[in-house]
Amino acid sequence: MSLPVSAIYVHIPFCAKHCAYCDFNTYVEKAQTRIAETVEATRRDIAQTALSYARKAPLAEIETVFFGGGTPTLLSAPQLVSILDTIHDHFPLSPTAEISSEANPSSSDAEKFAAMKSAGFNRLSIGVQAMNNEILIALDRFHTVGEAERAVRSAREAGFTNLNLDLMFGLPKQTLSLWKETLETALAFSPEHLSLYALTLEPGTRFERLHTGGKLLLPDEDTELEMYEWCIGRLKERGFEHYEVSNFAQLHPTENFRCRHNQVYWHNESYFGFGAGAVSYLDGRRWKREKLPLRYIEKVNTGLSTEWGESNLEVEGETLTSEETLGETLMLGLRLREGVSLTEIGERFGVNVEDIFREQIARLTREGFLMLSENQLTLTHKGLLFANTVLGEFLL
Ligand code: SF4
């Protein structure tokens, strides 16, 4: 039987600047040599891991590859392409695989996008965040509205026909009308996909410190909910399918623009993660690779085994009990608007889901956050507005 992993995530742990709200594993690295060494280490990591796994079981065809970060486009086109080529050389990559990369407007240009497109990348996710320079400055973003618009145009010129734009709401200085302006400007580019995220104050970030000190003025909760509800209605009018709490795909008669890679996460399926700080998940076990690029490079270069679960690269790992995995599967699956089939999940885990989560399902249904119909459990509209709190109830 082949290894049940058909998704690969590649983490590029560098950014030109650190945004005020971000707690991702990313570093502002000026030395090009360090970036080049990290690229080489990532390629070696991919090759060693593939060889090590292939000795145990045939590798399944890879259906999705996602380059995230950090800022993948901080790398040169040849560096990005060399990593993708390494995946191609060591894994059976499906000819119809979705191959995505995140892109930052300030490090994107037509030439880079064209080289990525001809190497096989077929989806770009551009971190636009806001269409207002004052807000972008408040976020410590490194780009302007003009650069975001140029990046989108360059992506189209390079031939990308599957484009996601990341936008944020609930931001400092953002009013409902500024949020509407951002979304309308983004819609003018006819993106195939939109990811709309509410700002969250992550521990250790500059925003969190400012907020704790009473120095960060944010829209109140009602305004944030109004922003969210408004965009749900507006995107429906514009022919988008709201398929996940924060994600919207343009409906098309022959194509499906849902992000295939992220659906692997929402279905709680296995994936390989490569690069400094990348997370992998297989058989209920989740682990992270060495986060600091320098240590990651050193460890990869020792050439020790990079086998899952025995890896010298591993810094944080956890094996979930089957009940914890079940809870996570519900929590992630309920993010999808179609919800989860309790019958299918019960069969997958060999349990009766309601025996384990009877109290949560009954209470959240009674309170109007969840709906259970023909064994399909879904978030209601009210549940959608408080999704993170509601779904957290399934974490054991
Ligand atoms: S560009 Fe993205 S990954 Fe980098 S610091 Fe900003 S939000 Fe974080």
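Whatever order the structure lists ligands and atoms in, that order sets their numbers, starting from 1. Residue numbers start at 1 and run along the sequence shown.
Using a 30° and 60° split on the angle between ring planes, Phe113 and Phe160 fall in the perpendicular class, above 60°.
For Arg363 and Glu359, the salt-bridge test passes: some basic side-chain N is under 4.0 Å from an acidic carboxylate O. A salt bridge links Glu237 with Arg234: at least one charged nitrogen is closer than 4.0 Å to a carboxylate oxygen.
Between Leu326 and Phe357, some side-chain heavy-atom pair lies under the 4.5 Å cut-off.
Residue contacts with ligand 1 include Gly70, since one of its heavy atoms falls under 4.0 Å from the ligand.
Set against the non-hydrogen atoms of Asn104, the atoms of ligand 1 under 4.0 Å away are 1 (S). Close contacts between ligand 1 and Cys15 involve ligand atoms 1 (S), 3 (S), 4 (Fe), 5 (S) [criterion: under 4.0 Å to a heavy atom]. Atoms of ligand 1 found under 4.0 Å from any heavy atom of Cys22 (numbered from 1 in listed order, with element): 3 (S), 5 (S), 7 (S), 8 (Fe). Those atoms of ligand 1 with a heavy atom of Lys17 less than 4.0 angstrom away are 5 (S).
Counting heavy atoms closer than 4.0 Å to ligand 1, residue Arg141 contributes side-chain atoms (C-beta onward) but none from N, CA, C or O. Residue Tyr21 touches ligand 1 through its side chain alone, judged by heavy-atom distances below 4.0 Å.
Under the 6.0 Å cut-off for aromatic ring centres, Tyr271 and Phe66 do not qualify, their centroids lying 6.0 Å or more apart. In this structure, His211 has its ring center at least 6.0 angstrom away from the ring center of Tyr21.
Taking backbone and side-chain atoms together, Cys19 has no N/O/S atom less than 2.8 Å away from atom 8 (Fe) of ligand 1.
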